[in-house]
Structure formats: structure tokens, C-alpha cells
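Throughout, residue positions are numbered sequentially from 1 according to the sequence presented. Every number for a ligand or one of its atoms is a count from 1 in the order of the listing.
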Amino acid sequence: MTVTVRFAPSPTGYLHIGNLRTALFNWLFAQRSNGRFILRFDDTDRERSRSEYSEAIVEDLAWIGIQPDRVEHQSRRIALYDAAAERLKAAGVLYPCYESAEELERRRRLRRVRGLPPIYGREALKLTEDDRRRLEAEGRRPHWRFLLPNFADDPFSPRRTEMSWNDLVRGEQSVDLSSLSDPILVREEGSYLYTLPSIVDDGDLGVTHVIRGDDHVTNTGVQIAIFQALGLAVPVFGHHNLLTTISGEGLSKRTGALSLRTLRDEGYEAMAVASLAVEVGLSGSIEAAPDLDALGERADLSAVSGALSKFDPAELDRLNRDIVHRMDYGAVAPRLAELPIPSGEAEAFWQAIRANCAKVADAALWADVVYGGIAPAEFADDDLTFVREAFELLPEEPWDGETWSVWTSGVKAATGRKGRALFMPLRRALTGLDHGPELKELLPLIGRERALARRP
Ligand code: GLU
């Protein structure tokens with residue numbers, strides 16, 4: 001069977017780096033197995049779902065390099081969920097409940113006082129046909145619960161029922177169905193909560209592997225029971241740990257924290273973001289992967305830590321620098337095209353400055369330093385005399401990679417200066433800065449005319 005995974009965001013905000021972790025674990029898993037990746041929008045919550053967010057999600061995934069094989073919207077598949085709900089009702093495992101939220105809360109409190117677990121006591125199962133008619137006549141509409149298979153003959157005497165699976169990340173897992181309330185699948189007004197549509201779609205779309213955050217571990221026990229009740233093949237599950245901010249808070253699409261949009265706008269490279277999203281919390285050090293194929297080799301689900309992983313922005317800066325320092329000219333050429341670099345020089349310019357860029361956008365600063373006007377440096381008297389004398393000795397053009405050493409050897413012979421006392425005043429005069437790319441490479445780009453104009 002073709003390996004088929006799905007990434008199932010609700011379009012209620014922009015993707016953040018934690019969502020990307022889930023998307024990439026799925027994508028890389030599918031790539032490794034020559035499988036298919038489905039992007040499924042869990043948009044049954046009409047109030048909070050927005051098409052601008054689903055469009056943004058497609059765009060943000062494309063920025064990372066993820067192209068779904070298929071895109072589905074749950075809001076367009078309601079008929080399938082209706083049919084499944086009818087089948088469950090006919091089988092007697094989806095039953096109507098009329099309690100209000102307040103009634104349920106009161107019962108929970110009562111159970112606690114009696115030392116019982118605060119789960120739903122299935123009181124609605126005791127309603128007769130007449131009771132239901134009376135309640136409906138009062139204007140009450142039912143919500144619908146799935147009857148968990150956690151009893152032998154009497155649903156009011158649940159007994160320990162372990163639902164087990166071998167998790168791709170966490171190994172043997174098991175959830176005791178008698179510790180849970182029968183889940184509500186359909187709300188009073190007829191809309192679906194996440195659970196049933198997710199299962200129906202996983203079945204209908206032939207999903208073989210469900211890889212998601214470990215906030216869904218308990219759901220999995222329930223979902224397996226519903227897969228079975230519907231006669232659907234149960235997929236393999238894998239639950240990875242969640243990312244938090246450095247101060248330990250969870251990430252949320254609604255707050256926009258660490259959204260892919262923001263990171264992209266701040267000038268981070270997609271592969272820096274992708275590498276961190278996947279590698280944080282794996283055993284081994286975090287390294288910038290040059291592309292998704294290379295990242296796939298590191299994305300070993302069985303190596304994911306069980307604990308929460310913190311997202312450290314300093315790591316992202318480090319990875320970004322590593323990527324930028326190694327970036328070939330071809331990868332940045334379109335972005336350099338916007339800078340005022342003389343034609344034919346852009347490649348040499350990039351080679352000269354890339355090791356001094358934390359982000360590709362820093363190239364603009366260096367383009368200013370090389371080709372624009374610089375703020376003239378201030379010199380003490382002896383340095384000023386020295387620099388003026390040095391500028392008298394600037395070689396004639398053409399200039400190349402040897403010009404700096406030819407020039408500075410001449411200056412050294414004429415003035416007796418050497419080392420830092422020789423180089424630093426020249427760097428400051430030529431660039432206005434006391435740090436920066438190798439002058440051996442910058443000097444030919446600055447050229448004789450601009451260099452002379454910078455003579456203090
Ligand atoms: N929409 C759900 C979520 O974002 C999907 C969970 C799942 O993958 O089953 O949490």
C-alpha cells in the first residue's frame with residue numbers, strides 16, 4: 001500500500017514553527033517512502049476558519065519546499081461525516097444526550113465528591129423514547145456521544161479496557177478507555193467536532209500513517225475505537241513532542257508567535273527554519289541541513305525526545321548564519337539583483353561578503369560599503385598622516401586579488417608600519433568600519449576611483 005500521510009491544520013491562523021515540525025515529519029516520512037502527502041484543512045469550525053489562512057498555509061509550506069500531492073477541505077466533505085454518523089447511530093454506538101453544560105458540570109462535581117472519576121456517567125442511555133420526545137418538545141436538541149467499548153454487557157459498569165498501539169515515536173502506548181468520557185462527536189446544532197471527520201477522512205483518503213503532536217495521544221485511544229466501529233483500517237500512529245518558546249509557553253496559531261510568515265519577513269532562510277523545526281529535541285546536535293533531502297536523513301522519528309523541546313531563537317540565528325556562509329551565488333542571485341551592484345560583479349561581491357552576513361539581507365549593508373558613500377572614519381593625527389601617505393601609494397589599475405598585498409607591502413616598506421597598526425587605519429579609511437570582509441577581496445570591488453575618493 002502506498003504510504004499516505006496527512007498534515008491537518010485548522011485554518012485559524014498562520015502556521016508557526018511547531019506546526020511546521022508536524023508538517024515536516026509527515027512530509028519527510030512520505031518522501032522517504034515514496035509516499036503521498038495530503039494537506040487537509042480541518043475547517044469544520046466555520047466561525048474560526050478563514051480562507052485567507054488556508055491560502056497562507058499553502059504559501060508558507062511552499063516557501064519551505066512542501067508541495068502537497070492533494071489538498072482537501074473538511075467543510076466540503078460533510079456528507080461523508082453524515083453518512084458515518086448514521087452508521088454509528090444504526091449500530092447503537094452514537095447516542096443522543098440532552099444535558100446542558102451546567103448539568104454536566106454539576107454531575108462532575110458530584111462524582112468528585114463521591115470519589116469517582118469525573119467522567120460522563122452515561123445517564124442519557126437511560127432515557128426512554130418518551131423521555132426523549134418530552135425533552136425535544138421542550139425545545140432541547142441533543143448532542144451525540146460515541147459509546148466507548150469499555151464494558152462487557154452493562155455500559156454502566158465500565159471495566160479496564162486498554163487500547164494499545166505501537167507508536168512510531170513513543171513505542172508501545174496504551175490508553176484505558178474506562179478512564180475517559182464517551183466523546184461528543186456531534187454538537188447540538190449538528191456540526192462536527194474534530195474527531196469524527198478526522199477519522200472518516202483518514203479512512204476515506206487511505207491515510208496509512210498519522211504523525212502529529214503528542215497532545216493527541218489520549219485522542220488516539222478513542223480514535224482507534226471509532227476506526228474499528230466504522231470498520232476502517234487503523235493507521236499507524238506517531239506522536240512527536242511539542243515545541244515551546246524558550247520560556248516554556250506553548251505556541252499558538254492564534255497569537256502568531258514564531259509564525260513562518262514573521263520568520264520569513266525577518267529574513268531567515270527556509271532551510272534554517274526547517275532544520276530547527278525538525279532537529280530540536282532529536283538526539284544529536286542541531287545542524288543546518290542544506291536541503292530537505294538532507295534533513296530527511298536526520299528526521300528519525302524514533303529519536304524524538306519524549307520531553308517538551310524549547311525553541312531557542314539564538315539557535316535559529318546560528319543555523320541561518322551557517323547556511324548563508326555556505327550559500328552559492330546561484331541561490332542568492334535573484335535577491336542580489338535588487339542591489340546597486342555593477343553588472344558582472346555580483347558573484348565576486350557575494351563571495352567576498354557572505355562570511356560577514358548573518359542574513360542575506362545584510363548584503364545591502366555591504367553593497368553600501370563597497371559601492372555607496374560611507375561615513376568617513378575619524379583618525380588621530382599620526383594615523384591620518386599614515387593613511388594619507390598610504391593612499392599616495394595606491395597601485396594603478398587593473399586591480400585583482402593581489403592588489404591588497406602589493407599595496408600593503410609597499411606601504412609597509414615606505415612607512416615601517418606593520419600588522420594591525422598598518423591594516424586597521426586602511427580598513428577604516430576604505431570602509432568606514434573596523435571589521436568586515438577580507439580587504440584582499442573587497443579592494444578590487446571598491447576600485448581605485450572610489451578608494452581615492454575615500455582618502456581622508
Ligand atoms: N486539526 C488537528 C490539529 O491541528 C489535527 C490533528 C490530527 O493530526 O489528527 O490538532
**Q.** Shortest protein contact, atom 9 (O) of ligand 1 (heavy atom only)
**A.** Y194 OH, 2.5 Å
Q. What protein heavy atom sits nearest atom 5 (C) of ligand 1, and how far away is it?
A. A8 O, 3.3 Å
**Q.** Lys/Arg N to Asp/Glu carboxylate O, R132 vs E129, below 4.0 Å
**A.** yes
(Q) Less than 4.0 angstrom from a charged side-chain N to a carboxylate O is my criterion; do E136 and R141 meet it? (A) no
Q) Out of H216, R6, Q74, R212, whose heavy atom is nearest to atom 3 (C) of ligand 1? A) H216
(Q) If I apply the N/O under 3.5 Å rule, does R40 come out as touching ligand 1? (A) no
(Q) Between ligand 1 and P9, is the shortest N or O to N or O distance under 3.5 Å? (A) no
Q: Measure the acute angle between the ring planes of Y194 and H216, then classify it against the limits of 30° and 60° as parallel, tilted or perpendicular.
A: tilted
Q) Any idea how Y14 and Y53 line up, ring-wise: parallel (<30°), tilted (30 to 60°), or perpendicular (>60°)? A) perpendicular
Q | Ligand-residue contact atoms, ligand 1 with D42, heavy atoms, under 4.0 Å | A | 1 (N), 2 (C), 5 (C)
(Q) Does the structure place the NZ or CZ of R145 under 6.0 Å from the centre of the six-membered ring of Y120, at an angle of no more than 45° from the ring's axis? (A) yes
